[in-house]
Amino acid sequence: MGIYVGNLNYDVTEEELKAVLTEYGTVQKVHLPVDRETGRKRGFGFIDMANETEEETVISELDGAEWMGRQMKVNKARPRESRPNKTW
DNA sequence: GTTGAGCGTT
């Protein structure tokens with residue numbers, strides 16, 4: 001299980017996000033997905049910490065916190081299964 | 001501006 005971070009500034013990069021997260025634990029992975037069809041930023045990201053305890057620390061410390069002019073939403077990430085349905 | 005990919009029949 002990773003962490004979901006929403007309401008990010010669209011200019012934020014993975015490195016900037018990782019730098020902040022590192023202050024609260026060991027960041028293993030940072031992912032800022034872009035729209036698969038348009039290639040544009042989506043304004044949210046996913047993070048993998050070393051363990052669940054660190055994830056909870058990040059959530060409690062950064063959820064609702066203002067960063068880069070935006071109030072981040074930090075939560076446990078959902079399983080990576082659902083996606084916008086396309087009519088194949 | 002709020003839940004990642006790719007597969008390409010899952």
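Within every chain, numbering begins at 1; the chains are lettered A, B, ... in the order of the sequence lines, protein sequences first and strands thereafter. As a basis for the values below, the full set of heavy atoms in this structure was taken, side chains included, without hydrogen atoms, waters or symmetry mates.
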One should read off an interatomic distance between A/Asp48 CG and A/Glu54 CD, to the nearest 0.5 angstrom, of 12.0 Å
When the distance from CE of A/Met1 to P of B/dG4 is rounded to whole Å, what number comes out? 14 Å
Measure NZ/A/Lys73 against C1'/B/dG4 and give the value in whole Å, please. 20 Å
Starting at atom CE of A/Met72, determine the distance to atom P of B/dT2, rounded to an integer number of angstrom. 16 Å
Could you work out, with side-chain hydrogen bond (donor to acceptor under 3.5 Å, both in side chains) as the rule, every residue matching A/Lys76, not counting sequence neighbours? A/Glu55
How long is the line joining CG of A/Asp35 and P of B/dG6, in whole Å? 11 Å
Would one find a side-chain N or O of A/Arg40 under 4.0 angstrom from OP1 or OP2 of B/dG1? no
Strand contacts (DNA chain B) in residues 4-13 of chain A, 4.0 angstrom heavy-atom criterion: A/Tyr4, A/Asn7, A/Leu8, A/Tyr10
From CZ of A/Arg80 across to P of B/dG6 the rounded distance in Å is 10 Å
To the nearest 0.5 Å, what is the distance between OH (A/Tyr4) and CG (A/Asp63)? 10.5 Å
A/Phe44 versus A/Gly6, closest heavy-atom pair with distance: CB-CA, 3.8 Å
For the P atoms, the ones on B/dC7 and on B/dT3, what distance do you get once it is rounded to whole angstrom? 23 Å
Protein-nucleotide distance (A/Ile47, atom CD1; B/dG4, atom C1'), rounded to Å: 11 Å
Are any of the side-chain heavy atoms of A/Met49 and A/Ile3 separated by less than 4.5 Å? yes
Close residues, residues 25-32 of chain A, relative to DNA chain B [heavy-atom separation under 4.0 Å]: A/His31
Hey, can you pull the donor-acceptor pairs under 3.5 Å for the side chains in residues 14-21 of chain A, sequence neighbours left out?
residue: A/Glu14; atom: OE2; partner: A/Leu32; partner atom: N; Å: 3.2
residue: A/Glu16; atom: OE1; partner: A/Thr13; partner atom: N; Å: 3.0

Which residues satisfy the ring-ring contact (aromatic ring centres under 6.0 Å, His included) test with A/Tyr24, sequence neighbours excluded? none
Give me the residues of residues 51-66 of chain A where at least one heavy atom lies under 4.0 Å from an atom of DNA chain B, by number, or none. none
Using whole Å, what does the distance between atom P of nucleotide B/dT2 and atom CG of A/Asn75 come to? 14 Å
Rounded to the nearest 0.5 Å, how far apart are OG1 of A/Thr57 and CD of A/Glu23? 13.0 Å
Shortest non-hydrogen contact between A/Glu61 and A/Ala65, atoms and distance: O-CB, 4.0 Å
Taking all non-hydrogen atoms of both residues into account, name the closest pair between A/Pro33 and A/Gly45 and its distance. CD-CA, 3.9 Å
Using the C1' atom in both, what is the distance from B/dT10 to B/dG6, to the nearest Å? 12 Å
When rounded to the nearest 0.5 angstrom, what is the spacing between NZ in A/Lys29 and CD1 in A/Ile47? 13.5 Å
Can you tell me whether the base of B/dG6 sits syn or anti, using the 90° cut around 0 to define syn? anti
Rounded to the Å, how far apart are A/Asp48 CG and B/dT3 P? 18 Å
Any non-hydrogen side-chain atom of A/Trp67 less than 4.5 Å from a side-chain atom of A/Asn9? no
